[in-house]
Every structure is written in structure tokens, then in C-alpha cells.
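See structure below.
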Amino acid sequence: MTMQTLPRRLGVAVVTAAIVWFLSIKLNTFRDYQIAEVATEVTAVAGLTVLTGLSGQISLGNGAFMAIGGYTTALLLMHLNWPFFAALVASAAAAAAAGAIVGVAAARLRGPYLAGATLMLGVALPSVAYAWPGVFGGDQGLNVAFTTPAFLGATFPLTRWQAWVSTAVALVTLVLLANLCYSRIGRNWRAVRDDEVAAALDGVNVAVTRILAFVVSAVCAGLAGSLLAIVTSLVAPGAFTITLSISLLTAAVIGGLGSLPGALWGSLVIVLVPTYVTDVATSHGLSSSVGSNIPIAAYGVVLILVMLIFPQGIQGGLRRLLTAFTGPDPKTRTRHDASAAHVTPSADDASASQHEKEGTS
Amino acid sequence: MKRTHRLRWQAAAIMTVAALAVAACSSSSSTSSSAGSSSSSSSSALTASAPGITPTQILIGSHQPLTGPAAPGYSEIAPASAAYFAYVNAHGGVYGRKIVYKYLNDAYDPTTTASDVRQLVLQDNVYALFDGLGTPTHLAAISFLNSEKVPDVFVASGCECWNQPTTYPETFGWQIDYVREGKILGQYVKQHFAGKKVAFFYQDDEFGMDGVKGLDDEIPASMVVSKQSYVDTNVNIAPQVAALRASGAQVVVSFSIPAFTALLKLNSLKLGYSPTLVVSNVGSDAITLSGLLESFAKQGGATVNGNQLTNGIITDGYLPTLGSTSNSWIALFSKIHQQYDPKAPFDGNVLYGEAVAYTFVQSMLKAGRNPTRADLVSAIQAGLPQGPAVAPYAYSATDHSGITGAYMGVIKNGALVQEGPVLTTDASASGPITTYTGTEQQAPASGIPSP
């Protein structure tokens with residue numbers, strides 16, 4: 001994060017909104033759909049990157065919180081005809097409640113044990129839909145009716161409206177998260193992450209701090225689940241498999257753990273790379289058995305390359321490139337350390353600048 | 001610092017596991033295919049009469065499981081359809097237009113299907129969605145396609161849900177629906193296994209439940225000792241098979257995709273349990289099953305003879321049997337297969353892909369020289385000639401289900417052998433099952449339907 005004050009953050013959000021608005025008008029309706037997909041992904045990844053990067057807890061179960069948000073929205077829209085924004089808030093609340101319960105358990109677990117417990121949640125919860133097919137529609141899931149509002153006219157493309165709504169939600173979420181990260185709560189998270197004993201001695205309530213991080217991350221996932229429901233017009237257990245939870249964490253790591261702009265880069269990679277690689281594979285006339293497996297391979301290659309070249313993710317890499325051009329800025333440096341940054345000094349930087357030199361020579 | 005350092009390594013380790021898991025699970029991808037060249041364009045001008053239609057080509061799209069749990073067997077279908085289209089394109093096309101068939105991989109995951117179908121319709125501007133495969137997957141696409149008024153023809157699934165002309169006017173089924181199929185299988189079980197204990201094994205979705213509905217219409221509840229279901233994301237079906245064995249069922253009727261038919265067989269074998277298997281058409285292709293049985297057994301460190309294990313499986317069929325080489329359809333499709341898709345085995349999936357592609361060309365020719373999207377729907381609703389199917393289609397303005405009947409058969413030495421006549425019925429509980437007396441059509445000598 002390079003912004004410090006609320007007006008600057010709001011400014012960036014407004015500029016981003018304007019860019020998205022412009023793109024959504026200029027590009028075709030399928031690109032609008034992809035914008036909506038990216039915005040949905042960003043909302044979930046931002047919550048996770050804060051949880052993992054700032055409070056130091058790993059979750060492989062955020063897909064389950066998305067399922068809670070998605071099903072809450074679907075049920076409220078279907079049975080009670082709630083307006084979408086009310087359903088969105090209710091979805092966030094439902095996910096928050098679930099996050100608090102899981103957070104209590106999570107606060108006692110560390111490292112791989114926490115990963116294991118949240119993994120279980122991610123695997124088990126979507127199966128609840130099979131247990132009560134009458135309520136949740138079983139494997140077939142629930143259809144979500146979401147239409148463009150009347151004032152936009154009958155010919156306004158639905159995907160553009162979906163892009164606008166999800167981008168708005170994503171931006172509001174990001175601004176709120178940015179404020180939270182630089183508030184006392186954010187500082188407590190980092191304190192607990194770096195050393196629990198020291199934080200406790202300083203008067204930080206470690207358990208509450210950790211639980212709160214889980215709740216915040218679950219709220220983001222719940223919002224994202226709600227968006228996913230209206231974007232795909234469907235909630236079904238097949239949409240919330242463990243693959244989803246893992247792809248969220250992957251996006252957070254690729255983008256740069258703990259970095260909100262990184263959440264955007266990671267989401268762009270996760271959403272766009274498969275489509276792009278597919279198009280390339282198609283245009284080279286690969287056979288279907290090869291072509292259909294190329295995106296999986298590309299995904300693995302991107303992951304490995306990012307981890308090798310930019311251990312702090314894309315955002316970390318960008319920052320380093322910026323530093324290479326402008327020279328070290330002590331002020332940026334400090335902020336950087338305090339926020340995202342699991343900067344393990346010198347070694348990484350040395351090897352990375354070596355890479356850069358190799359790249360440019 | 002030490003702590004954060006460790007955290008990063010943990011994250012990296014989990015990422016590695018994640019990469020492997022994701023690689024094993026799913027992806028999204030596409031393949032498109034076009035071949036041959038269009039020839040003569042004679043009389044009145046060909047126009048761009050609808051999205052996806054230009055004077056030189058017809059662009060259609062599909063979502064197919066090219067990877068993932070449903071890929072074994074089913075991934076052969078779209079290339080087989082593309083092979084038939086290539087044949088048509090090389091022989092003049094449809095009124096001189098080439099058919100370009102773009103099918104995207106959804107890995108049998110409904111969210112990916114939703115995205116694939118939007119890409120095809122909104123970005124690629126396909127004229128129609130053709131043969132979208134799978135019940136849970138296509139359900140994620142159906143309301144979008146109908147709201148965009150895109151013809152959604154010949155869904156590759158026997159769910160009764162495609163036949164809702166008032167709610168989904170654009171959607172048409174093709175293969176015999178699972179309720180009809182369940183009734184025909186059920187009648188066979190009732191007649192041939194009177195006094196035996198019967199159990200059901202089915203996929204826990206519309207596919208399996210429709211099948212069970214048909215079975216329940218015919219098999220008296222007193223005969224049924226157990227009903228076990230599975231979900232396609234969990235390959236551990238040992239508990240279900242143990243329950244089947246414990247119920248003492250002598251006959252197991254299975255509505256399963258090929259991978260799970262194979263798992264059912266192998267799990268039973270492990271428990272020394274060998275009931276008579278009655279399997280729905282979609283899960284019983286002999287060549288696919290045999291290959292799956294051998295590869296699954298190999299993964300478990302055992303060697304089995306696939307053809308030996310499939311021997312005696314009772315199933316049904318709605319296309320001619322692959323072994324009947326004198327049948328004009330088999331001769332035609334086998335010839336096209338050898339020319340355009342020789343790498344795949346000529347099995348039930350390939351036959352399916354070519355036959356459904358034939359039906360699409362039939363309906364495009366009926367839709368006229370410069371068809372709109374609505375013309376295609378009207379053409380199908382006006383009824384289609386029987387073509388390669390063994391029983392007539394049900395298509396009308398009030399009925400969007402496809403083939404209305406099937407014959408019973410047994411797998412012998414790796415091939416399906418027809419036993420008894422073609423039976424037709426409807427999807428209602430009380431509708432009678434009757435022997436079909438009409439004659440099958442012969443394949444046209446040119447291999448292309450006449451307009």
C-alpha cells in the first residue's frame with residue numbers, strides 16, 4: 001500500500017471506478033463478464049491476503065464462506081424477494097457469524113494444523129447442499145434471478161450491470177480494508193503475526209485479534225460469494241469446491257501476501273491467464289487432448305516462476321522494480337516493511353536484482 | 001522476522017500442494033475445429049441471416065468435459081461431432097456454408113460452464129449451442145441461453161428437464177431421457193428377475209434421480225432392498241458398495257457415468273460380490289468401461305481383463321449396435337471416423353457424437369438457406385425424420401424431448417449385443433411400454449441428409 005490517507009485511498013478508488021466504467025462501455029459484453037469475475041475474485045482474495053499476510057493465519061476454507069454468502073443471497077432473493085443490496089449485507093452477516101465460530105477454533109491452531117482445519121471446512125461445508133436438497137437444490141443448485149434495473153433501459157447489457165455492481169462492492173471493500181489495515185486493529189494484527197508473546201506483553205488481546213481477522217476475511221468471502229451468485233446466476237456445490245479455496249490463496253500469494261493491490265494482480269492472473277492461454281493454444285491448432293491440459297500446465301508454470309522470481313508476489317516485484325529506477329526511498333521502505341512485506345532482508349533482494357540485471361542485459 | 005519467514009515457506013509449501021491438486025482437478029480450455037472447404041454456392045445469395053452465420057460459415061459452440069471426472073469416454077464426443085462436420089464441409093457444407101464447431105472445456109464444473117457459455121454467446125457470437133454435455137453443467141447454462149434466445153439444441157444428457165417448451169423454448173434434448181430409459185430397464189428387471197432382490201446405485205443429481213423415477217414406475221417397491229447414491233466428486237464408493245452387498249441384492253441397477261460404473265464393478269469385485277449389473281446406456285459403453293476397468297485396476301496394482309469384467313452387463317441402446325457392420329449407419333459413421341478422427345477408438349461415444357452431429361445438419365438443412373435463430377427452433381419443432389436412432393423423435397411445439405425408445409442388450413466379449421425388439425414409451429408414470437413396429441431408416445448414400 002502506498003496510500004496513507006483516506007482521501008488518497010478514495011481518490012484511487014474513484015479513478016479505478018472510472019477506468020472500469022470506461023472499459024465496461026468500450027469492451028464487449030463478455031469482457032464485462034470477465035470484469036465482474038475479476039471483481040468477485042478480488043473481493044475474496046483481499047480478505048484472504050489480509051488474513052494471511054497481516055494476521056499470519058492461513059485459511060484453505062474461504063471457499064466455504066463464499067458458499068455461505070452465495071446460498072444466503074440465492075435463498076433471500078428467491079424466497080423473500082429481497083433487494084440485492086439487502087441480501088448482500090445479510091450474506092456478509094451470515095459469513096461473519098460463521099467466520100467468528102471458525103475463528104474461535106482457528107485462534108488455538110497454528111501453521112499446518114490451522115491449514116488442515118480450514119481445509120476440512122472447505123471440503124465439508126459445500127456438501128451440506130447435498131444433505132438438504134429440498135432447501136439447497138442438491139447438486140443442481142439454486143438459480144439466482146438478477147436483472148438490470150428498469151432505469152437503465154431494456155437493452156442495457158446485463159453483464160455490464162453485473163460488472164458495475166461487483167466492481168463497486170470490490171472497491172468499497174478494498175477502501176474499508178485499507179483503512180482497517182492502517183488502523184490500530186491492523187497494527188495489532190501485525191504485532192500478533194510477528195510475535196505473539198511480545199504483542200500480549202504490550203496489552204494486545206491475541207485471541208480476539210486473531211478471531212477478528214478471521215471474521216473480516218469471512219465477511220469479504222461472503223460478499224464475494226454473494227457477487228458470484230448474481231454474476232453466474234447460479235449457486236451450486238460444484239462452484240465452491242476446494243479448488244476454489246486453493247485458487248484464492250494462490251491469487252493472494254501470486255499477487256503478494258498482505259498487499260491489497262496484489263490481490264488485484266493475483267485475481268487478474270487467476271481469471272485471465274486460463275482464457276488467454278486457451279486462446280493461444282487454440283490458435284496454434286493443438287489437439288484437444290493437449291490443448292485442454294495446457295492451461296493447467298501454464299497455471300503451474302506461472303506459480304513456480306512468480307515464487308522463484310518474485311517471492312513477494314507481483315506487487316513485491318513491482319515495488320522492487322520501482323526502487324531499481326528511483327533508488328531506495330527510506331520512507332517507502334519503512335512503510336513497506338510495516339505492511340505487507342515479509343522482507344527477509346538482503347538475500348532475496350540481492351538475488352532479485354541479479355535477476356533484473358540478467359533480464360535487462 | 002523469523003516467524004514471517006517461516007510463514008512464507010508454509011505458504012509456498014501449501015502452494016505446491018495446491019498446484020498439484022489443481023492440476024489433478026480441473027482447468028478450462030478450448031479447442032475449435034473446422035476442416036474441409038466449402039464448394040458450390042449456386043442460386044440465391046447467402047446472407048449473414050443471424051449471429052454466427054455468414055455467407056461462408058455457421059459458427060456453433062459447446063461446453064464439454066475434456067478434463068475432469070467425466071472426461072473418460074465423453075471427451076471423445078465433440079471430436080467425433082467435429083469429424084462428421086468436417087465430412088459435411090468437405091462435401092458441400094450446409095447450403096455451401098462450412099460448419100465451424102468451437103467447443104470449450106468446462107471440466108464438468110458448472111461455474112466454468114457458466115463462463116464458457118457466456119464467452120461463446122457474448123464474445124464468439126455463436127449461432128447456436130450444440131450438444132452441451134452434462135446435466136449439472138448444462139443446468140448452469142440453460143436460463144442464460146434462453147434469455148439470450150440462443151437455440152440450445154440436442155443437449156448431451158437425458159435429463160427430463162430439457163423438455164420444458166414453455167419455460168425453455170430454445171432447449172431441446174436428443175438422446176432418450178432417463179425416465180423413459182429407467183422405465184424400459186425397469187420393465188426388463190421386473191420380467192426377468194422376478195422374486196430376486198434388486199438394488200439401485202445412482203448419481204445424486206437429476207440424472208440419477210430421473211432414472212430412479214423411471215425404475216420406480218416399473219419395479220414393485222417390494223423387490224427393491226437398497227438404494228445407494230454417489231456424488232461425482234467423491235471416488236470412494238466403498239461404503240455404498242458394502243451397503244449393496246449387505247442388502248443381499250442379486251441385481252444392481254446403476255445410473256452412473258462410466259468412471260463410476262467401473263468403480264462399482266471393481267469395488268464389488270474386491271468384496272467378492274458379483275450381482276447382475278443392469279446399467280443405463282450413458283454408463284455402459286463397453287469399450288470405455290473396459291479401458292477404465294483396466295486402468296483403475298492398474299492404479300491399484302492389479303491386472304484385470306476389461307472385456308471379461310464387462311461380460312454380462314445388461315444395458316439398453318438407442319443407436320444401432322457398433323458390432324452390426326451390415327447396418328448402413330454404422331458403415332457410414334465408421335467410414336467417416338476412419339477418415340477424420342482415426343486416433344479415437346470407434347466406440348459408443350464416437351457413434352453418439354457423429355449421430356447427434358448428423359441430426360444437427362438435418363435440422364440446419366430444414367431451417368432454410370438463410371435461417372434466423374428462430375427458424376432452427378421452428379424446424380425442429382416441426383419434427384425431424386428418424387435418422388440414425390432406432391426409434392422416432394418426439395419433437396413438436398409442445399414436446400422438446402428426443403428419441404422415444406430403446407432396445408435391451410447384453411455386453412458380450414466387449415461388444416453390445418441387442419436382445420429383443422425396440423421398445424418405445426413416454427416419460428409419464430402410467431404411459432405403457434410398447435414394441436416399436438416402424439422400420440429403421442437407411443443412411444443416405446452421400447452420408448449427408450437431404451434437405
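All chains are named by letter (A, B, ...) in the order of the sequence lines, taking the proteins before the strands, and each is independently numbered beginning at 1.
Proximity of Leu234(A) to Pro110(B): side-chain heavy atoms (C-beta onward) are separated by under 4.5 Å at one or more points. Contact annotation: the side chain of Leu122(B) never approaches that of Asn28(A) to less than 4.5 Å [non-hydrogen atoms, C-beta and beyond]. Between Arg31(A) and Gln123(B), the closest side-chain pair of non-hydrogen atoms falls below 4.5 Å.
For Ser245(A), no part sits under 4.5 Å from any heavy atom of chain B, backbone or side chain. Heavy atoms of Val121(B) lying under 4.5 Å from chain A are absent altogether. Heavy-atom distances place no part of Val235(A) under 4.5 Å from chain B, backbone and side chain included. Both the backbone and the side chain of Gln119(B) come within contact range of chain A, with heavy atoms under 4.5 Å apart. In this structure, the portions of Ser115(B) lying under 4.5 Å from any heavy atom of chain A include both its backbone and its side chain.
For Tyr276(A), the OH atom sits in a loose shell: 12 or fewer heavy atoms of surrounding residues, nucleotides or ligands are nearer than 6.0 Å.
One finds the CZ atom of Arg118(B) at 9.0 Å from the CD atom of Glu37(A) (value rounded to the nearest 0.5 Å). Here CG of Leu158(A) is found 8.5 Å from CZ of Phe144(B). Values are rounded to the nearest 0.5 Å.
Not counting sequence neighbours, Asn125(B) has no partner by the side-chain contact (heavy atoms from CB on, under 4.5 Å) test. A search for side-chain contact (heavy atoms from CB on, under 4.5 Å) contacts involving Ala357(B) returns Ser81(B), Tyr84(B), Phe85(B), Phe130(B), not counting sequence neighbours.
Among all heavy-atom pairs drawn from Thr232(A) and Ala114(B), the shortest one is CB-CB, 4.2 Å.
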